[in-house]
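All residue numbers in this chain count up from 1 along the given sequence.
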Amino acid sequence: MKVWHAMMATAIVAAISLSCSKKKETSTIIIPKQEVVKPSDTIAWMERSETTKEIPWLNAHYNIKVVRERVDSLPMAKDEIGNRYYDNSVFISITRADGSTFFEKKLTKKSFSEFLDDDMKQNGALLGFVYDGIDNNKLRFAGSVGSPDVQSDSYVPLVMLVDSEGHASFQRDTDLDMHNQAADTTTINNDYIKDNEDDGV
């Protein structure tokens, strides 16, 4: 009798074990809730920068000055998250050795609208311009319009050429490797300042 009870107990334990091993596995996947990043209430802008350079060109010496500064009256730029930034203007002047003006021009994002898509026209910022050498006897300046976020590599590389008559022409720089040289025109000064007061611009 004791042997029979022992066999029954063993059978029950085995049945329970088999039942547990065949328990239906759940297919529910739990995905943690992602935190939504909200844009900041503050407004950022790039600090003013000014560079000067003296160059020999066309058997004479010229002085080049490039000034980038924020313009509060321009429509604001936005990054991918929606953070707001003041846009910039770039003033380029070229003077002769005697101090007389050979060329001067103020650039804004609108100066390059024909090279920009709708998103860049609306949200991009004029990031800067730098003197980039002489190209076929023309002074070459390289710059860009792009996302105001310094961590972004979304931008349009641009070129301004100034000829011996003081005439400027613009084009998109199709030879520039956008990934490897993304910092070329944005490292003029990539320290941003946050403005805690919305002045309503």
Novice: Specify the closest pair of heavy atoms between G124 and A77, including all atoms of both residues, with the distance to one decimal.
Specialist: O-CB, 3.5 Å
Novice: K109 pairs by side-chain contact (heavy atoms from CB on, under 4.5 Å) with which of L116, V71, L127?
Specialist: L116
Novice: Just verifying a value: how many Å separate N83 CG and K78 NZ, rounded to the nearest 0.5 Å?
Specialist: 10.0 Å
Novice: Say whether W57 and Y131 are linked into one hydrophobic cluster, either directly or through other cluster members, by side-chain heavy-atom distances under 4.5 angstrom.
Specialist: yes
Novice: Can you tell me how far OG of S164 sits from CZ of F102, rounded to the nearest 0.5 angstrom?
Specialist: 6.5 Å
Novice: For a quick test of your reading: what N or O donor-acceptor pairs under 3.5 Å do the side chains of residues 132-141 make, sequence neighbours left out?
Specialist:
{"unit_1": "D132", "atom_1": "OD2", "unit_2": "R140", "atom_2": "NE", "d": "2.9"}
{"unit_1": "R140", "atom_1": "NH2", "unit_2": "D173", "atom_2": "OD2", "d": "3.0"}

Novice: Verify the neighbour count for atom NZ of K65: are there more than 12 heavy atoms of other residues, nucleotides or ligands below 6.0 Å?
Specialist: no
Novice: R84 side chain to S40 main-chain N or O, any donor-acceptor pair under 3.5 Å?
Specialist: no
Novice: With a 4.5 Å cut-off on side-chain heavy-atom distances among I, L, V, M, F, W and Y, is there a chain of contacts connecting L74 to V67?
Specialist: no
Novice: Measure the spacing between CG of N123 and OG of S154 and express it to the nearest 0.5 Å.
Specialist: 10.0 Å
Novice: Run through L161, L158, L107 and flag the one making a side-chain contact (heavy atoms from CB on, under 4.5 Å) with F170.
Specialist: L107
Novice: List the atom of R68, the atom of E47, and the distance in Å for their closest heavy-atom pair.
Specialist: NH2-O, 2.7 Å
Novice: So, using salt bridge (Lys or Arg N to Asp or Glu O under 4.0 Å) as the criterion, who are the partners of E50 when residues are at least two apart?
Specialist: R48
Novice: Let's go through E54 and Y62 carefully: what are the C-alpha distance in whole Å and the side-chain angles of both, what is the deciding distance for side-chain contact (heavy atoms from CB on, under 4.5 Å) to 0.1 Å, and is it a yes or a no?
Specialist: CA-CA 6 Å; E54 181 180 344; Y62 292 82; over 6 Å; no
Novice: From W45 CH2 over to E69 CD, what is the distance, rounded to the nearest 0.5 angstrom?
Specialist: 13.5 Å
Novice: Are V159 and V162 connected in a single hydrophobic cluster, I mean Ile/Leu/Val/Met/Phe/Trp/Tyr linked by side-chain heavy atoms less than 4.5 Å apart?
Specialist: no
Novice: What's the separation between atom CG in L126 and atom OG1 in T108, rounded to the nearest 0.5 Å?
Specialist: 7.0 Å
Novice: Using the six-membered ring of F115, assess whether NZ or CZ of R172 lies under 6.0 Å from its centre and within 45 degrees of the ring axis.
Specialist: no
Novice: If you look at every heavy atom in Y155 and S144, which pair is closest and at what distance?
Specialist: CD1-CB, 3.3 Å
Novice: Taking only residues two or more places apart in sequence, or in another chain, which ones meet T101 in a side-chain hydrogen bond (donor to acceptor under 3.5 Å, both in side chains)?
Specialist: none
Novice: Between atom CD1 of I92 and atom CZ of F103, what is the distance when rounded to the nearest 0.5 Å?
Specialist: 6.5 Å
Novice: With side-chain contact (heavy atoms from CB on, under 4.5 Å) as the criterion, how do Y85 and M76 come out once you've worked through the C-alpha distance, each side chain's angles and the decisive distance to 0.1 Å?
Specialist: CA-CA 6 Å; Y85 299 77; M76 287 188 184; over 6 Å; no
Novice: Is I55 linked to F91 within one hydrophobic cluster, defined over Ile, Leu, Val, Met, Phe, Trp and Tyr using a side-chain heavy-atom separation of less than 4.5 Å?
Specialist: no
Novice: Between S147 and D149, does a side chain to side chain donor-acceptor pair (under 3.5 Å) hold up when you go through it step by step?
Specialist: CA-CA 5 Å; S147 170; D149 180 4; 5.3 Å; no
